[in-house]
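Structure first, then comments.
All of these numbers come straight from a predicted model, not from anything done at the bench. Quick note on labels: first sequence line is chain A, next is B, and so on, each numbered from 1.
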Protein chains: 2
Amino acid sequence: MTALTPVDAKALADIALFAALPPAVLEEAAAMARTRPLPRGLRIFDQGEPAGRAHALLSGGVRITQAGSDGEEILVRLIGSGEIFGCVPVLTDGLYPADATAIVDAVELSWDPADLLALMQRHSRIAINMVAIVGKRLGEAQERLRELATQSADRRIARTLLRLLDQAGCRTGDGLRIDFPLRRKDIADIAGTTLHTASRILAAWQRDGLLISRNRHLVIASPEAMDRIAEGN
Amino acid sequence: MTALTPVDAKALADIALFAALPPAVLEEAAAMARTRPLPRGLRIFDQGEPAGRAHALLSGGVRITQAGSDGEEILVRLIGSGEIFGCVPVLTDGLYPADATAIVDAVELSWDPADLLALMQRHSRIAINMVAIVGKRLGEAQERLRELATQSADRRIARTLLRLLDQAGCRTGDGLRIDFPLRRKDIADIAGTTLHTASRILAAWQRDGLLISRNRHLVIASPEAMDRIAEGN
DNA sequence: CGAGGTGTTGAGGCCCATCAACCCGTGTGG
DNA sequence: CCACACGGGTTGATGGGCCTCAACACCTCG
């Protein structure tokens with residue numbers, strides 16, 4: 001069951017949770033980690049289920065969604081390589097607060113919750129890194145909250161795209177590309193609107209040449225114009 | 001300038017950040033802390049300003065609000081006694097992400113950011129407690145996000161009141177009372193709606209006897225009915 | 001080739017933000 | 001002691017943004 005492939009300590013250096021740690025500690029964390037490939041589409045864990053492992057992504061992408069009792073869902077966050085996910089419940093109530101699905105073929109590291117907790121107890125730097133990571137996400141969530149309460153759908157979608165560029169943007173010939181594969185529904189679920197509204201707005205931007213949409217990827221041709229929409233109107 | 005009143009280590013035991021710590025560590029934290037009374041209405045810090053201190057509330061209440069460039073604001077959180085605030089920037093970018101105002105006469109403890117950081121480095125338990133606290137808030141923010149994106153204004157206001165009851169509710173003769181003084185605008189800014197809509201909805205509930213509104217305090221006469229509104233409709 | 005997931009576009013209507021007017025209690029200063 | 005300002009609350013009227021419902025086109029994959 002458990003992959004016995006030894007985990008390379010150098011791989012851990014790319015994970016924000018282990019930033020600024022001496023090699024010995026990386027070795028220690030690597031010794032307790034387990035590697036696993038995540039084929040596209042795999043459901044990694046379900047909302048409400050006991051947190052059996054704490055996760056970090058070495059490559060690929062993972063979609064974190066949260067559904068309410070009525071079935072309506074939002075996209076809480078997209079996880080890229082080097083990011084952790086499903087780690088907070090280790091320290092709180094022990095239940096995953098959301099669903100996690102691989103959106104491209106990916107590779108993860110994971111730890112037994114008790115092991116990660118022990119690691120954090122021994123090395124406060126890891127715990128401090130985790131506060132910084134979770135704190136940053138909290139700040140983003142509050143920003144989204146404010147936008148959702150006060151701004152129009154097109155501004156929110158523009159902000160969504162800019163944030164995604166920030167997280168996973170890369171230069172291409174005709175603009176900046178978002179490295180995650182995104183459905184219209186994903187955009188809508190991040191921006192807090194419906195598939196239909198998102199589709200209309202993106203189609204309009206595409207007509208105006210702000211945006212190029214290729215199979216499941218978005219390229220922002222004019223980040224400046226996008227900025228302008230995100231700000232004024 | 002600095003209050004030289006020695007801080008009682010026992011007072012620290014009521015602060016969640018210092019839960020489950022040996023007395024010696026409490027003494028250590030107390031020695032670096034500074035006490036300050038916060039008269040009602042005092043602006044404790046401003047959004048965007050460098051985080052000069054990390055704060056914890058011994059008694060009273062503090063309102064944390066965040067304003068966008070256009071002036072629209074939301075109420076990020078109400079801080080009650082035993083809770084920390086303005087502590088995350090110590091570990092991230094060093095800027096307060098929101099405004100903080102005392103809404104009743106209060107007393108705070110505060111630390112120099114470097115001291116708190118050192119304390120967390122020495123005692124990983126403190127850092128771990130902080131992850132738990134920030135993680136819990138992140139979960140709440142994501143829940144609010146989902147509600148705001150998918151639910152009607154009255155459901156959101158009902159959820160808001162229930163959450164506040166959970167945080168600061170106390171039994172009274174005619175129901176459960178929320179211990180913070182709340183303006184209609186505060187409710188609106190938490191639930192993500194306008195003063196007008198909040199006023200209408202609360203007035204309707206008051207007519208139906210679900211709710212009593214006394215000077216600036218709310219008493220929920222029927223938490224069950226409130227639950228029903230928060231769920232189905 | 002059919003099935004299912006996805007994207008597009010139109011039509012209609014409703015929730016709620018907005019604008020507006022007015023009331024009330026409190027404090028303040030001439 | 002009255003006038004006035006000011007923060008806060010209530011309530012009506014109106015309009016528009018966007019959600020909802022619906023129909024159809026496209027693509028991939030078994």
Side-chain angles (χ1 to χ4, degrees), chain A residues 39-41 43 63 65 68 70-75 101-105 146-158 160 180-208 211-218 229 233, chain B residues 39-41 43 63 65 68 70-75 101 103-104 146-158 160 180-208 211-218 229 233:
Chain A
R40 184 162 97 76
R43 174 55 77 65
R63 176 173 50 221
T65 58
D70 48 1
E72 299 283 7
E73 74 175 24
I74 63 159
L75 204 163
T101 311
I103 52 175
V104 291
D105 289 340
R146 184 173 46 74
E147 290 169 10
L148 191 47
T150 65
Q151 300 180 354
S152 60
D154 49 355
R155 286 185 68 175
R156 270 148 41 206
I157 292 180
T160 297
F180 295 111
L182 291 171
R183 300 167 301 187
R184 296 292 181 262
K185 174 92 163 83
D186 292 327
I187 310 270
D189 285 347
I190 302 178
T193 179
T194 59
L195 158 64
H196 312 279
T197 300
S199 174
R200 273 180 246 268
I201 290 174
L202 292 181
W205 288 347
Q206 212 161 348
R207 268 191 294 280
D208 297 348
L211 200 73
I212 304 154
S213 167
R214 272 197 292 261
N215 54 9
R216 209 145 290 170
H217 282 273
L218 292 180
I229 297 173
N233 200 1
Chain B
R40 183 162 97 77
R43 174 56 77 64
R63 177 174 49 221
T65 58
D70 46 2
E72 298 282 7
E73 73 174 26
I74 63 159
L75 204 163
T101 311
I103 52 175
V104 289
R146 184 174 46 74
E147 290 168 11
L148 193 46
T150 65
Q151 300 180 353
S152 60
D154 50 355
R155 286 184 69 174
R156 269 146 43 205
I157 291 181
T160 297
F180 295 111
L182 291 171
R183 297 168 304 188
R184 297 291 182 265
K185 174 92 162 78
D186 292 327
I187 311 269
D189 286 346
I190 302 176
T193 178
T194 60
L195 157 65
H196 312 278
T197 300
S199 175
R200 273 180 246 269
I201 291 175
L202 292 181
W205 288 347
Q206 212 162 347
R207 270 191 292 280
D208 298 348
L211 198 72
I212 304 155
S213 168
R214 270 197 294 261
N215 53 10
R216 211 146 287 170
H217 282 273
L218 292 180
I229 295 173
N233 201 0

Rounded to the nearest 0.5 Å, what separation is found between the OG1 atom of B:Thr160 and the CD1 atom of B:Ile190? 6.0 Å

Check the distance between D:dG8's P and B:Asp186's CG and give it to me in whole angstrom. 9 Å

Could you check how far CH2 of B:Trp205 sits from P of D:dT11, rounded to whole Å? 15 Å

Given atom CD of A:Gln151 and atom P of D:dC18, what is their separation to the nearest angstrom? 11 Å

Strictly distance-based, threshold 3.5 Å: is any side-chain N or O of A:Arg184 a donor or acceptor partner for the main-chain N or O of A:Leu195? no

Which distance, rounded to the nearest 0.5 Å, do you find between the OG1 of A:Thr197 and the CD1 of A:Ile157? 7.5 Å

Within this structure, what is the CZ-to-P distance between B:Arg183 and D:dC6, rounded to whole angstrom? 17 Å

Among the nucleotides D:dC18, D:dT11, D:dT10, whichever has the atom closest to the side chain of A:Ala153 is D:dC18

Terminal contacting nucleotides, 5' and 3', DNA chain C versus chain A (heavy atom, 4.0 Å): C:dT6 to C:dA11

I need the A:Leu202 CG to A:Ile187 CD1 distance, nearest 0.5 Å. 5.5 Å

What distance separates B:Asp189 CG from B:Ile74 CD1, expressed to the nearest 0.5 Å? 8.0 Å

Run the side chain to side chain contact (heavy atoms under 4.5 Å, CB included) check on A:Asp70 and B:Arg155 step by step: do they pass? CA-CA 13 Å; A:Asp70 48 1; B:Arg155 286 184 69 174; 3.9 Å; yes

Let me know the distance between CD of A:Glu72 and P of D:dT20, rounded to the nearest Å. 7 Å

Find the distance B:Arg216:CZ to D:dG8:P and express it as a whole number of Å. 6 Å

Length of the line joining A:Asp154:CG and D:dG17:P, which is rounded to integer Å: 10 Å

Applying the side chain to side chain contact (heavy atoms under 4.5 Å, CB included) test to B:Pro181, which of B:Val104, B:Asp186, B:Leu218 qualifies? B:Val104

Take A:Thr150 and A:Arg207, find for each the nucleotide of DNA chain C with the closest heavy atom, and name the residue whose nucleotide sits nearer the 5' end. A:Arg207

Figure out the CZ/C1' separation between A:Arg184 and D:dC27, and round it to whole Å. 14 Å

Test side chain to side chain contact (heavy atoms under 4.5 Å, CB included) applied to A:Arg183 and A:Arg216, step by step: CA-CA 6 Å; A:Arg183 300 167 301 187; A:Arg216 209 145 290 170; 3.9 Å; yes

In residues 191-201 of chain B, what residues come within less than 4.0 Å of DNA chain D, judged by heavy atoms? B:His196, B:Ser199, B:Arg200

Check: B:Ala191 main-chain N/O paired with B:Arg156 side-chain donor or acceptor under 3.5 Å: yes

